[in-house]
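Here's the structure, in structure tokens; my notes come after.
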Amino acid sequence: MFEKSTWIRLPRNVVVGHGVIDRVVDVVDDLHLQGRPLFVTSPTPKDVAADPIAADFEAAGIDPAVVTVETASFEAVEDVIEAAEAAEAAYLIGIGGGKAIDIAKMASHHLEMGFLSVPTAASHDGVISNRGSVPDGDTRHSVAAKPPLAVVADTEVLSQAPWELTTAGCADIISNYTAVMDWRLAKRLKDVEYSEYAAALSEMTAEILVDNADLIRPGLEESAWVVSKALMSSGVAMSIADSSRPASGAEHLFSHQLDRLAPDAALHGHQVGVGSIMTAYLHGGEDGIWRDIRDALSSIDAPTTAVELGIDDETVIEALTTCHEIRDRYTILGDGMNERAALEVATKTGVID
Ligand SMILES: NC(=O)C1=CN([C@@H]2O[C@H](COP(=O)(O)OP(=O)(O)OC[C@H]3O[C@@H](n4cnc5c(N)ncnc54)[C@H](O)[C@@H]3O)[C@@H](O)[C@H]2O)C=CC1
Ligand SMILES: O=C(CO)COP(=O)(O)O
Ligand SMILES: [Zn+2]
């Protein structure tokens, strides 16, 4: 008897392009959202986007409440929940980088309210995903949440963000290659839940990005267009899979461990990119695709070495040898690398000298 079922949650509106930040009020209207919004933002994104969007709401006769968060933490999620209750907010709008959007996503999940995602940086694929990522004790990886009701990604705003945020988004997408390799390996060895549609979408997204790498240049608005579409597509793959598996394998374990060992040293996307070079080597050896991944990263100015990440060699080795423990997710790291093997992969790939 056939007993399978699936429930895929996706945003209802995805609005991407030049000047679309002016359309947030229209998007709210299209969703028939009533009442007062709470904007969840952080200092620079507030000036860049939240303040102009607030002016549009005020012109439409809606008085938004605003909460500014500084760090991604459960205290910040609680502050947002309290602010939403105090303001009697009916829905949330996350405006900023990955952390502001994740905090809005987690708070809205708790409040059982809808939220909109307005990224000000094309820096990660959580913009649209059904995953929330806020450090909880020793845990750094994402957990199940609901996707936004809508995403409004203004390519003008995204292209004016610091260039390294865009290169981080590209690297988060390029890491899909190894995430999918790990997922297929885990399917073969551990018979984990696997979706060929999600895996194919995730891989294709990375391929399209790499094929368009020559359009990804600082100050070029088309870069923001190419990267945001890839981030959306990768986030949708996570929603189809109902897991971050299509976009997160051992390279993400490595990055999450770096976040614990060297907090705030480098951007999420940059860390997973460097992790991906090494895990591609572990999958395919000398003749595998690790050089293609390294070259794709370097062609868009993303870091390919520990020095470029600002992380010392010892920390790279410690992260490689311990990161398999941080989550129950089978990857090419298996039950862990020993120090000699870690030194070999990091040296052979040029990540450390
Ligand atoms: N929920 C999910 O599915 C996923 C979540 N993530 C999470 O996202 C986070 C990484 O996101 P990031 O955006 O890299 O970090 P972030 O949110 O800390 O942003 C980096 C910095 O850029 C600033 N910024 C953002 N837009 C700007 C602009 N237009 N101009 C100037 N500065 C601007 C932010 O204020 C912040 O200081 C990590 O916590 C990661 O775990 C990453 C991928 C997927
Ligand atoms: O960053 C992500 C995908 O790019 C989310 O993955 P995690 O579930 O490992 O946090
Ligand atoms: Zn990621």
Side-chain angles (χ1 to χ4, degrees), residues 21 40-50 68-73 76 94-106 109 117-136 139-148 153-176 178-179 182-183 202 205-206 224 230-231 234-239 241-259 263-264 266-273 275-276 323 326-329 331:
I21 202 172
V40 181
T41 189
S42 62
T44 310
K46 181 174 183 299
D47 300 340
V48 171
T68 306
V69 292
E70 303 267 353
T71 48
S73 63
I95 305 169
K99 289 178 181 162
I101 290 174
D102 275 331
I103 290 168
K105 197 183 279 183
M106 299 297 276
H109 191 58
S117 166
V118 182
T120 56
S123 50
H124 64 101
D125 55 11
V127 164
I128 198 173
S129 76
N130 63 341
R131 313 284 305 169
S133 181
V134 172
D136 183 12
T139 304
R140 294 288 176 281
H141 58 75
S142 67
V143 297
K146 295 219 175 76
D154 187 319
T155 49
E156 191 179 13
V157 170
L158 299 175
S159 65
Q160 285 166 4
W163 175 235
E164 64 267 21
L165 293 172
T166 308
T167 67
C170 294
D172 205 15
I173 296 299
I174 291 169
S175 81
N176 288 8
T178 48
D182 279 324
W183 198 14
S202 173
T205 302
L231 297 172
S234 185
V236 167
M238 288 191 260
S239 284
D242 199 16
S243 159
S244 59
R245 266 287 195 184
S248 168
E251 74 298 318
H252 272 67
L253 296 178
F254 170 72
S255 168
H256 298 323
Q257 195 67 319
L258 289 181
D259 284 341
D264 298 322
L267 291 165
H268 169 85
H270 290 165
Q271 293 179 172
V272 302
S276 197
C323 67
I326 66 175
R327 160 190 243 177
D328 180 20
R329 174 164 292 189
T331 70

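In this text the structure is predicted, and so the values were computed from the model without any measurement. Counting starts at 1 for both ligands and their atoms, following the listed order.
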- Task: State, with a plain yes or no, whether a side-chain heavy atom of Pro135 is found less than 4.5 Å away from one of His256.
- Result: no
- Task: Please tell me if the side chains of His124 and Leu231 come closer than 4.5 Å, counting only heavy atoms from C-beta onward.
- Result: no
For residues 162-169, which side-chain N or O atoms pair as donor and acceptor with protein atoms under 3.5 Å away, sequence neighbours left out?
{"unit_1": "Trp163", "atom_1": "NE1", "unit_2": "Asp301", "atom_2": "OD2", "d": "2.8"}
{"unit_1": "Thr167", "atom_1": "OG1", "unit_2": "Glu164", "atom_2": "O", "d": "3.0"}
{"unit_1": "Thr167", "atom_1": "OG1", "unit_2": "His270", "atom_2": "NE2", "d": "2.8"}

- Over all heavy atoms of both residues, which pair between Ala72 and Val134 is shortest? Give the atoms and the distance, please. C-CG1, 4.1 Å
- Task: List the atom of His252, the atom of Ser248, and the distance in Å for their closest heavy-atom pair.
- Result: CB-OG, 3.1 Å
- Message: What does the 4.0 Å heavy-atom contact list look like for ligand 2?
- Response: Asp125, His141, Ser142, Asp172, Met238, Ser244, Ala247, Ser248, His252, His256, His268, Arg327
Check: [X] side chain, [Y] main-chain N or O, donor-acceptor pair, under 3.5 Å:
X      : Y      : result
Ser202 : Pro246 : yes
Thr71  : Ser73  : no
Lys105 : Val127 : no

- Task: To the nearest 10 degrees, calculate the angle at the Zn ion (ligand 3) involving NE2 of His268 and NE2 of His252.
- Result: 100°
- Between Arg140 and Asp102, does at least one N-O distance fall below 4.0 Å, as a salt bridge requires? no
Output block, N or O contacts of ligand 1, threshold 3.5 Å exclusive:
{"unit_1": "ligand 1", "atom_1": "1 (N)", "unit_2": "Asp102", "atom_2": "OD1", "d": "2.8"}
{"unit_1": "ligand 1", "atom_1": "1 (N)", "unit_2": "Arg131", "atom_2": "O", "d": "2.8"}
{"unit_1": "ligand 1", "atom_1": "3 (O)", "unit_2": "Ser129", "atom_2": "OG", "d": "2.7"}
{"unit_1": "ligand 1", "atom_1": "11 (O)", "unit_2": "Gly98", "atom_2": "N", "d": "3.4"}
{"unit_1": "ligand 1", "atom_1": "13 (O)", "unit_2": "Gly98", "atom_2": "N", "d": "2.8"}
{"unit_1": "ligand 1", "atom_1": "13 (O)", "unit_2": "Ser123", "atom_2": "OG", "d": "2.5"}
{"unit_1": "ligand 1", "atom_1": "17 (O)", "unit_2": "Gly98", "atom_2": "N", "d": "2.9"}
{"unit_1": "ligand 1", "atom_1": "17 (O)", "unit_2": "Lys99", "atom_2": "N", "d": "2.8"}
{"unit_1": "ligand 1", "atom_1": "26 (N)", "unit_2": "Thr120", "atom_2": "OG1", "d": "2.7"}
{"unit_1": "ligand 1", "atom_1": "29 (N)", "unit_2": "Thr120", "atom_2": "O", "d": "2.9"}
{"unit_1": "ligand 1", "atom_1": "35 (O)", "unit_2": "Ser42", "atom_2": "OG", "d": "3.4"}
{"unit_1": "ligand 1", "atom_1": "41 (O)", "unit_2": "Ser133", "atom_2": "OG", "d": "3.0"}

- Please determine if the Zn ion (ligand 3) has an N/O/S atom from Asp172 lying under 2.8 Å away. yes
- Answer yes or no as to whether an N/O/S atom of His124 is found below 2.8 Å from the Zn ion (ligand 3). no
- Message: Lys46: which residues meet the salt bridge (charged side-chain N to carboxylate O under 4.0 Å, His left out) condition with it, sequence neighbours left out?
- Response: Asp51
- How many angstroms lie between atom OG of Ser276 and atom CG of Asp182, to the nearest 0.5 angstrom? 9.0 Å
